[in-house]
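Below, chain A is the first sequence line, B the second, and so on; all start at residue 1.
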Amino acid sequence: MAKNITARAENFPQWYQDVIAAGELADHSPVKGCMVIRPTGYAIWEAMQATLDRTFKETGHVNAYFPLLIPESFITKEAEHVEGFAPELAVVTHAGGKELEENLVIRPTSETIIGHMYAKWIKSYRDLPLLINQWANVMRWELRTRLFLRTTEFLWQEGHTAHETYEEAQGETLKMLQVYQDFLQEVCAIPVIAGAKPEHEKFPGARDTYTVEALMQDNKALQIATSHNLGQNFAKAFEIKYLSRDNQLEYAWTTSWGCTTRMIGGVIMVHGDDDGLIIPPKLAPTQVVIVPIFKRAEEREQVYEHAEKIKAKLGQVLGKLRVSLDSRDDLRPSDKFFHWVQRGVPLRIEVGPMDVKKQSGMTVRRDNRAKEPVSLEVMAERIPAILAEIQAGLYQTALDRREAHSVQVESYAEFKEVLAQGGGLIYAHWDGTRETAQQIQEETKATIRCIPTHVPAEEGVCMISGKPSEQRVLFAQSY
RNA sequence: CUGGAUAUAGCUCAGACUGGUAGAGCGCUUGCUUCGGGAGCAAGAGGCCGCAGGUUCAAAUCCUGUUAUCCAGACCA
């Protein structure tokens, strides 16, 4: 049991903070609500970026960069957009030693500046679709912050596309939602539920907002990524017009979609245990760490020679950067074990004099602590297989946990009972009105996470108002 | 912004009621012994007690003000 980490059962929020501190993922900045992402944490973000960036490009998108500062007047052009973001904008009023003619806002998101540029670039249907992504930081002045989950400044990617038709924009919106879903499930080993946000939870200015939601170990839901069909709202606000195939001047249909460093928080809260972080192998910057063990000087030499051999062999199949040999001589093996356990490295290989003799290594899985001696001969096959088992096991464990904490309820009393018993994902009928959703939120702190796509249509009545409902929606307390 | 709490070593905190040379544990440094799941001993380094005033021969301690942080609410990826 780790001494520096509070048990999950004792205090989950404290556990979360302890894991981040112990794993050296991030630290607090002197500026309230801002976060320093430390090398170990940033490496996870880089791994996420690498996979997603490739997928974005494979689906036809290109990267560009739009500026941090946006004229304040841009934000006010789309009515819902300004209403949604006004409370959390950071505004630059002075620069170069004097007051600015027009205030600049630090981007909370880039729909407006990109809309402005798209209006310049799009003239004809031949310019469409326009499919651009950017990796950037954004700033939203949050009142209460938590590392990775909600910070004043955070890193993300935002895709912004423009299309000829509603259908094409809708296709793009759902395609990118699927990209997120696949990434989260296959790489991050986080099972997610995809669906649409209800009217009152939509992105400010969006026609429709879609989301992927995941269940954390404390039974709260986390929105991990979103994809918006913006309709023609931003096109109209920013005059993104093009001449169509039949020579008509038309407004373009736009989308935007994004995911953030919050995903790191999701990985921590879905997979971590009381000893700290557990990173799924496909995501892990370091997949395998080799820890040498020896007493005498002559042992040291043999052990290192053997360890280097293992490192080289695994480097060939896993990639050199994903295998690490902990050659720090000032730490004892047991200290190194904990060092890497707390950083979530999925597999450790202990290499001592006994392993030199047997030409093998003792593997120890991070997820279930299982030990297995693996001979050098079969390492190139067996280690990737173990990593695959870990990856699959983490997903299955998370999925089982989610299913164990997913329930259908028929009445509001039942609904409250589930929350009182520890919560989870609750599928219930809802009449579609904001008033009902608000009442539920005020009384239980649970919100509608999404209208899930995997749930079939089903006649029913709202558990509050008794009015007809066509489908169950997903409720949960959330971050 | 509204309630409640707290500011003393890198971290967690004691000391304050009853004013009198700044403390502990962990961490850090050095040395020796250890080393297959967080080691032991020894010697060290490290603090304008959040900040500004006041009372006093004397303030971490008493008084006033101020700032910041944490928890709970309103907002949110």
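For the P atoms, the distance linking B/G19 with B/C63 amounts to 12 Å, nearest Å.
B/A77 has its base stacked against the ring of A/F154, the centroids being under 5.5 angstrom apart at an interplanar angle below 30°. Applying the 5.5 angstrom centroid cut-off and the 30 degree plane-angle cut-off, the aromatic ring of A/F338 is stacked upon the base of B/G38.
For A/R348 against B/G37, a side-chain N or O and a base N or O form a donor-acceptor pair under 3.5 Å.
Taking only side-chain atoms of A/R140, from C-beta outward, the nucleotide of B/A77, B/C35, B/G37 with the closest atom is B/A77. Out of B/G38, B/A77, B/G37, the shortest distance to the side chain of A/T226 is found at B/A77. Closest contact between the side chain of A/R332 and the listed nucleotides B/G36, B/C35, B/G37 involves B/C35. Distances from the side chain of A/Q17 to the nucleotides B/G36, B/C75, B/C71 place B/C71 closest.
The NZ atom of A/K3 sits 7 Å away from the P atom of B/G27 (whole-angstrom rounding). Straight-line distance from the CZ atom of A/F203 to the C1' atom of B/C75: 15 Å, rounded to whole Å.
Here the rule is side chain to side chain contact (heavy atoms under 4.5 Å, CB included) with A/C450, and of A/T209, A/V212, A/T211 only A/T211 fits it.
A salt bridge does not link A/R328 with A/D330: every distance from a Lys NZ or Arg NE/NH1/NH2 to an Asp or Glu carboxylate oxygen is 4.0 Å or more. Under a 4.0 Å N-O distance rule, the pair A/E389/A/R382 qualifies as a salt bridge.
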Walk me through whether A/Q302 and A/E298 qualify under side-chain hydrogen bond (donor to acceptor under 3.5 Å, both in side chains). CA-CA 7 Å; A/Q302 293 173 339; A/E298 63 270 26; over 6 Å; no

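Shown here, B/G65 forms a base pair with B/C51; the pair counts as Watson-Crick or G-U wobble because both key distances fall under 3.5 Å.
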